[in-house]
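In what follows, chains carry the letters A, B, and so on, assigned in the order in which the sequence lines appear, proteins first and then strands, with residues in each chain numbered from 1.
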Number of protein chains: 2
Amino acid sequence: MEMATDIFRDLCQKHGIAMTHQRQVLFETLQSMYGHPSPEDVYVRVKEKVPAISLATVYKNIHLFVDSGLLREVSVHHGTLRVETNQHPHHHLICSECNQITDIDQGELGFTPGRTKLANGFKVERYAVDVIGICPQCQAKQTN
Amino acid sequence: MEMATDIFRDLCQKHGIAMTHQRQVLFETLQSMYGHPSPEDVYVRVKEKVPAISLATVYKNIHLFVDSGLLREVSVHHGTLRVETNQHPHHHLICSECNQITDIDQGELGFTPGRTKLANGFKVERYAVDVIGICPQCQAKQTN
DNA sequence: TTGACGGACGATAATAATTATCGTTCAATA
DNA sequence: TATTGAACGATAATTATTATCGTCCGTCAA
Ligand SMILES: [Mn+2]
Ligand SMILES: [Mn+2]
Ligand SMILES: [Zn+2]
Ligand SMILES: [Zn+2]
């Protein structure tokens, strides 16, 4: 039987990152959390186990985990406020490599988001679909 | 024939906000812009017409426009980094009133986002659907 | 047309979130 | 177990955004 540390060590190896005590506690803490916590939220929880940890370390490792595919962040969008200038109903292509956002018309999606009321009583105003993937330019770069 | 100022005045009246010169220029500048500009981007452009305008005014009025439904922002998500703790494929309900984010399983959506390659050569990794509307709690508050 | 008044403006200080820097410590591996 | 580069913690710096506040202007009633 393999202990937790060895399991996490393997996971790190698989993703090509070094294993540290802080990373293990951070990752396991996240697995025990619910919802969509902020780095600060995570920091508070991790500190219970590793009181000396720095908030900067939490930020650095969340980004490391996201970049190496161990974790996912909620929104891939720009971290800053952006105004929509396209008035027509449309959705977005988001390149996970360069974060470029491109408009795409509803018709080109290949499916149609419905407009019904959902089971739990949530009143739907509209659907916003993000198609996440790799843009043509970044595909070209990768094939070099 | 009605001039631009009168048209914008009517628009403001319809949305219950006061008409000012700065607001008119800001709004018309935005209509002439393409894509998903940041407040700073907009500020630079508006300054060409109203050199004395303050960046704070741009922020204040973008928010005013968004709140009164004249404009839309690209992402309704939290303005800060959030970690996804739910490993299962799922989407999000976002309340436009309180900004609460709730997970929703793909099956409950009522339609299935496809996984094909899109026309323009964009390579799809996954779909992230945001259902934007009013959560049950906020609906209750509104009915008071 | 003219005040009066409340809201909007501009300047700028303050705050919040995130990132950079740097000296110290630790994990990998030979 | 010694070496070494990467990771850590403390903290300064940066960036984006918001709050404050005195002045100015748009609205509306007279
Ligand atoms: Mn768009
Ligand atoms: Mn989620
Ligand atoms: Zn790209
Ligand atoms: Zn709500």
### Query
Is there a side-chain hydrogen bond (donor to acceptor under 3.5 Å, both in side chains) between B/Asn86 and A/His36 once you walk through the steps?
CA-CA 8 Å; B/Asn86 183 345; A/His36 310 102; over 6 Å; no

### Task
Indicate the atoms forming the closest heavy-atom contact of B/Ser68 with B/His15, along with that distance.
O-ND1, 2.8 Å

### Summary
To the nearest angstrom, the CG-P distance between A/Asp41 and C/dA17 comes to 10 Å

Atom pairs, protein N/O to nucleotides 21-27 of chain C N/O, distance under 3.5 Å:
| unit_1 | atom_1 | unit_2 | atom_2 | d |
| --- | --- | --- | --- | --- |
| C/dA27 | O3' | A/Met19 | O | 3.1 |

## Note on the structure
B/Ile62 CD1 to D/dA16 P, in whole Å, measures 14 Å

## Note on the structure
To the nearest angstrom, the CG-C1' distance between A/Leu81 and D/dT18 comes to 12 Å

### Message
Please verify the inter-ring angle class for B/His92 with B/His90; under 30° counts as parallel, over 60° as perpendicular, anything in between as tilted.
### Response
perpendicular

### Query
In whole Å, what is the span from the CG atom of A/Leu55 to the P atom of C/dT18?
9 Å

### Task
Taking all heavy atoms of A/Ala4 and all of A/Gln24, pick out the closest pair and write down the distance.
C-NE2, 3.8 Å

### Query
Any side-chain heavy atom of B/Phe8 within less than 4.5 Å of one from B/Leu11?
yes

### Message
Just the rounded figure in Å: distance from P of C/dA8 to CD of B/Gln24.
### Response
16 Å

### Query
What integer distance in Å separates B/Tyr59:OH from C/dT15:P?
18 Å

Listed pairs under 3.5 Å, donor-acceptor, residues 45-56 of chain B side chains, sequence neighbours left out:
| unit_1 | atom_1 | unit_2 | atom_2 | d |
| --- | --- | --- | --- | --- |
| B/Arg45 | NH2 | B/Ser32 | OG | 3.3 |
| B/Lys47 | NZ | B/Tyr43 | OH | 3.2 |
| B/Ser54 | OG | B/Ala56 | N | 3.1 |

### Task
Measure from NE2 on A/His63 to P on D/dC8 and round the result to the nearest Å.
15 Å

#### Entry: OP1 or OP2 of C/dG10 under 4.0 Å from side-chain N/O of B/Thr57
yes

#### Entry: Nearest-angstrom distance from the residue atom CZ of B/Phe8 to P of D/dG26
13 Å

